[in-house]
Amino acid sequence: MTRSKNEVARWRMLRQVHRRRSRWLEGQSRRYKRIHTIRHQVAQQHRRSILFISQMV
C-alpha cells in the first residue's frame, strides 16, 4: 500500500522529533553525570581532609 505525501512527511517529522529529543536527553544525562562526578570528588576530598585533620590532632 502506497502512502500519501502528507503521511510520509508526517512520519518523517515524527522521526526527526524523536531523534532530536533522544539526543537532547542523552546530552542531559552526560552533563548530569559530569556534574555528579565533580560533586562526588569534592565530597571525597572534604571527607579525606577531615580524616587527615582528625588523625593529626
Side-chain angles (χ1 to χ4, degrees):
M1 186 178 137
T2 57
R3 306 262 184 216
S4 68
K5 273 189 177 180
N6 284 346
E7 237 176 341
V8 171
R10 195 173 70 233
W11 277 105
R12 202 169 282 158
M13 288 297 291
L14 279 171
R15 207 174 350 165
Q16 257 183 359
V17 167
H18 180 73
R19 273 202 206 118
R20 198 174 296 137
R21 208 171 281 153
S22 60
R23 278 199 199 116
W24 179 81
L25 262 176
E26 197 181 314
Q28 290 296 97
S29 64
R30 272 203 198 114
R31 271 177 227 124
Y32 174 76
K33 204 184 294 175
R34 196 180 304 138
I35 290 166
H36 183 276
T37 51
I38 289 168
R39 281 192 191 138
H40 187 68
Q41 283 174 346
V42 168
Q44 288 293 94
Q45 273 182 334
H46 187 68
R47 275 192 216 110
R48 264 189 238 117
S49 63
I50 289 171
L51 267 173
F52 185 69
I53 290 167
S54 61
Q55 284 173 354
M56 285 182 70
V57 173

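One distance of note links NE2 of H18 with CE of M13; it measures 15.0 Å at 0.5 Å rounding. Interatomic distance, R10 CZ to L14 CG, rounded to the nearest 0.5 Å: 7.0 Å. Here R21 contributes atom CZ and Q28 contributes atom CD; the two are 13.5 Å apart, rounded to the nearest 0.5 Å.
When side chains are defined from C-beta on, Q44 counts as touching H40, because their heavy atoms get closer than 4.5 Å.
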